Amino acid sequence: MAEVVYCAGLQCGKRTDSTLKCPICLKNGITSVFCDDTCYKENYKSHKALHPNEKNEPYDPFPKFKYTGGMRASYPLTPKRYIPEDIEKPDWSANGMPISEQRNDRLNKIPTYTKEEIKKIRKACMMGREIIDVAAAAIRPGITTDELDEIVHRETIERKAYPSPLNYYNYPKSVCISVNEVICHGIPDKTVLKEGDIVNLDVSLYYMGFHADLNETYYVGENISKEAINTVETARECLKNAIKHCKPGTPFQELGDIIEKHATENKCSVVKSYCGHGVGRFFHCAPSIPHYARNRTPGVMRPGMVFTVEPMINEGVWRDATWPDDWTSVTQDGKLSAQFEHTLLVTDNGVEILTARNKKSPGGPRQRTK
């Protein structure tokens with residue numbers, strides 16, 4: 001039986017009988033097949049991230065870019081990881097376009113879910129917790145963010161689920177990993193974690209037609225600065241305080257007031273460019289949930305609604321900048337950023353944390369030092 005081959009172009013991904021292979025990849029032991037010359041040229045900008053340099057060692061692909069802090073992109077990236085044929089895939093898995101989500105966005109309606117649908121979302125969220133815990137247990141000085149991506153990918157497909165970020169608007173990896181001043185959407189690469197770093201794992205998966213979404217920030221090693229502990233613990237507490245306020249009848253806009261008040265009290269700031277969102281049948285949908293005070297987002301919590309709250313808390317200024325990869329968002333002043341996220345279900349009497357930690361979950365709070 002002939003092997004099924006798909007185009008390596010993230011903007012294509014179609015099944016192909018072509019024998020056109022990237023010569024640079026071939027030279028380096030990677031098989032990358034493209035439909036035709038047009039496909040190869042149109043996808044080359046993202047594809048060349050797989051190519052090593054002449055010295056065959058990690059390199060910065062943006063040497064002229066003015067980085068805001070100490071983090072640097074470290075290429076080459078590893079090729080797109082394989083998804084078995086029998087795993088149900090979202091519509092963007094081949095060419096990167098979430099058509100059904102875009103269509104739903106025009107309705108601007110907050111979904112509510114039936115008991116049967118909630119069972120499936122709850123199962124996906126339990127799996128998300130299992131996956132993030134396995135990856136978090138591997139965090140240590142010396143591991144690369146790409147190695148953590150490999151763990152998340154493996155654990156996801158072993159559960160017959162699809163890693164939601166993979167090829168979403170052509171995002172090249174199965175998880176977002178954000179280190180130190182990276183706020184969100186960090187692309188796993190050759191970056192080596194070191195003692196004293198903080199690292200966020202943002203895990204999302206698609207299972208039985210529904211998405212789960214959660215993230216946590218972890219300490220790398222034991223020698224952590226008091227600034228890092230304050231930023232991380234403030235972010236953790238901001239999410240906890242917001243969740244306490246979630247119940248039927250609560251306006252979504254009130255969460256931002258609670259989050260910013262606590263952040264300010266701890267001399268931190270709240271990122272305004274990204275927000276929490278509805279999740280379930282769609283990876284992202286209404287409601288939008290800003291985390292800053294005095295926002296005017298519409299909507300009130302009702303039983304059966306499922307959404308994320310995911311405050312991004314900065315040590316310094318709240319403003320962000322983006323790397324030339326068009327994904328990695330960093331603090332404008334190069335200072336630290338931390339984030340925590342849960343998928344939440346509004347119940348008749350309050351709220352259920354569908355992605356809650358358990359007693360064996362790695363990580364957890366540390367005492368602030370004076």
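Given the structure is predicted, the values throughout are model-derived calculations rather than measurements.
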Answer with yes or no whether the hydrophobic clustering places Leu239 together with Val306; edges join I, L, V, M, F, W, Y residues whose side-chain heavy atoms lie under 4.5 Å apart.
no

Quick one: name the residues clustered hydrophobically with Met312, using the 4.5 Å side-chain heavy-atom rule over I, L, V, M, F, W, Y, and just say none if it's on its own.
Ile183, Val271, Tyr274

Establish, yes or no, whether a centroid distance under 6.0 Å links the rings of Tyr44 and Tyr40.
yes

Test item: side-chain donor near acceptor, Glu237 and Thr234, under 3.5 Å:
no

If you measure from OG1 on Thr250 to NZ on Lys247, what distance do you get to the nearest 0.5 Å?
3.5 Å

Between Glu57 and Lys190, is the closest basic N to carboxylate O distance under 4.0 Å?
no

Taking atom CG of Asn223 and atom CG of Asp197, what is their separation to the nearest 0.5 Å?
11.0 Å

Salt bridge Lys261-Glu265, side-chain N to carboxylate O under 4.0 Å
yes

Test side chain to side chain donor-acceptor pair (under 3.5 Å) applied to Asn314 and Thr331, step by step
CA-CA 7 Å; Asn314 292 352; Thr331 58; 5.7 Å; no

Test salt bridge (Lys or Arg N to Asp or Glu O under 4.0 Å) on Asp86 and Lys160; report intermediate values, then the result.
CA-CA 8 Å; Asp86 62 340; Lys160 301 296 181 184; 3.2 Å; yes

Could you list the residues that satisfy ring pair (Phe, Tyr, Trp, His ring centres under 6.0 Å) with Tyr113, not counting sequence neighbours?
none

Would Glu260 and His291 count as a side chain to side chain donor-acceptor pair (under 3.5 Å) if you check the C-alpha gap in whole Å, the side-chain angles of each, and the deciding distance to 0.1 Å?
CA-CA 7 Å; Glu260 185 157 321; His291 304 111; over 6 Å; no

Can you tell whether the side chains of Glu227 and Lys335 come within less than 4.0 Å, N to carboxylate O?
no

Can you confirm whether or not the ring centre of Tyr206 sits under 6.0 Å from the ring centre of Phe283?
no

Lys/Arg-Asp/Glu bridge criterion (N-O < 4.0 Å) met for Lys173, Asp146
yes

We want to know whether His284 and Tyr168 form a side-chain donor-acceptor pair, criterion being a heavy-atom distance below 3.5 angstrom.
yes

Nearest 0.5 Å, please: how far is CD in Glu341 from CG in Asn215?
4.5 Å

Using distance alone, with no hydrogens and no angle criterion, decide if Ser93 and Asn167 have a side-chain donor and acceptor under 3.5 Å apart.
no

If we ignore angles and hydrogens, is there a donor and acceptor under 3.5 Å between the side chains of Asp60 and Tyr67?
yes

Closer than 4.0 angstrom, basic N to acidic O: yes or no for Glu216 and Arg129?
yes

Quick one: are the ring centres of Tyr169 and Tyr171 less than 6.0 Å apart?
no

Show the nearest heavy-atom pair for residues Thr191 and Arg72, with the distance to one decimal.
OG1-O, 3.7 Å

Distance alone, cut at 3.5 Å: any donor-acceptor contact between the side chains of Asp325 and His185?
no

Can you list the steps and then say if Ile289 with Thr308 is a side chain to side chain contact (heavy atoms under 4.5 Å, CB included)?
CA-CA 8 Å; Ile289 304 173; Thr308 73; over 6 Å; no

Please determine whether side chain to side chain contact (heavy atoms under 4.5 Å, CB included) holds for the pair Ile118 and Lys115, giving the CA-CA distance in whole Å, both sets of side-chain angles, and the decisive distance to 0.1 Å.
CA-CA 5 Å; Ile118 289 169; Lys115 287 183 179 179; 5.7 Å; no

Validate the cation-pi geometry between Lys89 and Tyr162: distance from NZ or CZ to the six-membered ring centre under 6.0 Å, angle to the ring axis within 45°.
no

Step through the shown structure and confirm whether more than 12 heavy atoms of other residues, nucleotides or ligands are within 6.0 Å of CG on Asp17.
no

Spacing of Thr144 atom OG1 and Glu147 atom CD [to the nearest 0.5 Å]:
3.5 Å

Can Asn349 and Thr347 be counted as having a side-chain donor-acceptor contact under 3.5 angstrom?
no

Does the side chain of Thr217 pick up a donor-acceptor pair with the side chain of Asn200 at under 3.5 Å?
yes

Got a salt bridge between Asp133 and Arg357, using NZ or NE/NH1/NH2 to carboxylate O under 4.0 Å?
no

Glu117 with Arg281: basic N within carboxylate O range, under 4.0 Å
yes

Just wondering, are more than 12 heavy atoms of other shown residues or ligands nearer than 6.0 Å to NZ in Lys272?
yes

Inspect the contact between Lys119 and Glu116 and indicate whether a charged nitrogen and a carboxylate oxygen are less than 4.0 angstrom apart.
yes

Start with the C-alpha distance between Thr68 and Asp333, add both sets of side-chain angles, then the distance that settles side chain to side chain contact (heavy atoms under 4.5 Å, CB included), and finish with yes or no.
CA-CA 6 Å; Thr68 64; Asp333 58 7; over 6 Å; no

Could you walk me through whether Glu222 and Arg366 pass the salt bridge (Lys or Arg N to Asp or Glu O under 4.0 Å) test, one step at a time?
CA-CA 10 Å; Glu222 299 302 320; Arg366 291 196 186 181; 3.7 Å; yes

Can Gln11 and Glu42 be counted as having a side-chain donor-acceptor contact under 3.5 angstrom?
no

Would you give the length of the straight line joining atom CG of Leu255 to atom SG of Cys238, rounded to the nearest 0.5 angstrom?
11.5 Å

Ring centres of Tyr82 and His153 under 6.0 Å apart?
no

May I ask you to say whether Glu150 pairs ionically with Arg154, meaning some side-chain N is under 4.0 Å from a carboxylate O?
no

With rounding to the nearest 0.5 angstrom, report the NE2 to NZ distance, His51 to Lys27.
11.0 Å

